[in-house]
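Contents: one structure, followed by commentary.
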Protein chains: 2
Amino acid sequence: MDLCRRFGLNVKNVRVAAGHTQEELADLAGVARSYMSDVERGVRNPTLKVVERIAKALDIHPAKLLG
Amino acid sequence: MDLCRRFGLNVKNVRVAAGHTQEELADLAGVARSYMSDVERGVRNPTLKVVERIAKALDIHPAKLLG
DNA sequence: ATGTGACTTACAGTCCGTT
DNA sequence: GAACGGACTGTAAGTCACA
């Protein structure tokens, strides 16, 4: 499984565990709702800056989302 | 310190510890030497696909390079 | 052996929508 | 609530010559 897909699955797991919708998380991270959807499905190739913002929005260390 | 700079410093540390030049690592990762230079100095904002290739070239888990 | 500026092309990321 | 599409803009990918 490639890193984008793994990242997406981790984001989804943490988001759902935190009880947020994609739209809520997208707003917190400052990205578009449709983009969050793509990221979670692993069909996008996000930059480190976006990884950093999503991690912050989820209140988790960025490295955890790649593990 | 932002994630791009942290990533760059980690890449440099691991590369030097492995006894490689920027050019050797760039070749292994399939990027230009000047690009590797930018990444190590944190002046680029690489995507997860690039992170994945560099991690593989360094024979290390991608998450380790964000930690 | 590395830092840097300039450059073109590919795609990251947005915003409108529909299913 | 989320998957998916189309059209758009900004910026990363990727390289090169030179310092």
Side-chain angles (χ1 to χ4, degrees):
Chain A
M1 178 161 58
D2 89 348
L3 194 58
C4 294
R5 182 101 184 98
R6 179 183 312 252
F7 175 71
L9 291 175
N10 287 335
V11 167
K12 178 164 191 173
N13 286 338
V14 175
R15 171 180 66 79
V16 170
H20 290 114
T21 65
Q22 283 183 353
E23 185 160 22
E24 287 168 346
L25 178 56
D27 288 346
L28 284 170
V31 300
R33 173 191 51 78
S34 65
Y35 186 71
M36 266 311 306
S37 170
D38 288 348
V39 165
E40 284 194 356
R41 282 175 296 120
V43 301
R44 289 281 186 154
N45 179 26
T47 62
L48 283 188
K49 285 207 205 303
V50 165
V51 168
E52 188 171 31
R53 276 153 52 192
I54 293 176
K56 194 161 223 169
L58 289 171
D59 195 28
I60 193 176
H61 195 288
K64 283 274 192 183
L65 295 173
L66 303 190
Chain B
M1 179 164 62
D2 89 346
L3 195 57
C4 294
R5 183 169 288 285
R6 179 183 311 252
F7 175 70
L9 291 176
N10 288 336
V11 167
K12 179 165 189 172
N13 286 337
V14 174
R15 170 180 67 79
V16 170
H20 290 115
T21 65
Q22 282 184 354
E23 184 159 23
E24 288 168 344
L25 177 55
D27 288 346
L28 285 169
V31 300
R33 183 195 55 77
S34 65
Y35 186 77
M36 271 304 314
S37 170
D38 288 349
V39 166
E40 284 193 357
R41 282 174 300 118
V43 301
R44 292 267 186 161
N45 178 25
T47 62
L48 283 188
K49 285 210 204 310
V50 168
V51 169
E52 188 170 32
R53 276 154 53 192
I54 293 176
K56 194 161 220 170
L58 288 170
D59 195 28
I60 193 177
H61 194 288
K64 284 274 191 183
L65 295 173
L66 302 191

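Numbered from 1 within each chain, the chains take letters A, B, ... in sequence-line order.
Side-chain nitrogen and oxygen atoms of Y35(B) include none within less than 4.0 Å of the OP1 or OP2 phosphate oxygen of dG14(D). Distances shown here put every side-chain N or O of R15(B) at or beyond 4.0 Å from the OP1 or OP2 atom of dA1(C). OP1 and OP2 of dA12(C) both lie 4.0 Å or more from every side-chain N or O belonging to R53(A).
The stretch residues 18-26 of chain A touches DNA chain D through T21(A), Q22(A), each having a heavy atom within less than 4.0 Å of the strand.
Rounded to whole Å, atom P of dA2(D) lies 13 Å from atom CG of N13(A). Between the NZ atom of K49(B) and the P atom of dA12(C) there is a distance of 7 Å, given to the nearest Å. Computed from coordinates, the F7(A) CZ to dG13(C) C1' distance equals 14 Å when rounded to whole Å. With rounding to whole Å, M36(A) atom CE is found 16 Å from dA12(C) atom P.
Looking only at atom types and distance, the side chain of R33(A) has no donor-acceptor partner in the side chain of S37(A) under 3.5 Å away.
The local environment of CZ in R5(B) is sparse, with at most 12 non-hydrogen atoms from other residues, nucleotides or ligands closer than 6.0 Å.
The line from CG of D27(A) to CE of M36(A) is 10.5 Å long, rounded to the nearest 0.5 Å. Within the model, atoms CZ of R41(A) and NZ of K12(A) stand 9.5 Å from one another, a figure rounded to the nearest 0.5 Å. To the nearest 0.5 Å, atoms CG (L48(B)) and CZ (R6(A)) are separated by 11.5 Å. Residue E40(A) holds its CD atom at 8.5 Å from CD1 of I54(A), rounded to the nearest 0.5 Å.
For the pair L28(A) and H20(A), the tightest heavy-atom approach, listed with the atom from each and the gap, is CD1-NE2, 4.3 Å. P46(A) and C4(A) get closest at one heavy-atom pair: CD-SG, 4.3 Å.
Here the rule is side chain to side chain contact (heavy atoms under 4.5 Å, CB included) with V14(A), and of L9(A), D59(A), L65(A) only L65(A) fits it.
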I'd like a list of close polar pairs between nucleotides 4-6 of chain D and the protein, N/O only, cut-off under 3.5 Å.
residue : atom : partner : partner atom : Å
dC4(D)  : OP2  : R41(A)  : NH1          : 2.8

Between protein and nucleotides 8-11 of chain C, what N or O pairs are separated by less than 3.5 Å?
none

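At least one donor-acceptor pair under 3.5 Å links the side chain of R53(B) to the backbone N or O of G30(B).
Within the nucleic acid shown, V43(B) has no heavy atom closer than 4.0 Å to any nucleic acid atom.
You'll find the side chain of V11(A) reaches within 4.5 Å of the side chain of L25(A), heavy atoms only.
If you find the closest nucleotide of DNA chain D to K12(A) and to P46(B), the one lying nearer the 5' end belongs to K12(A).
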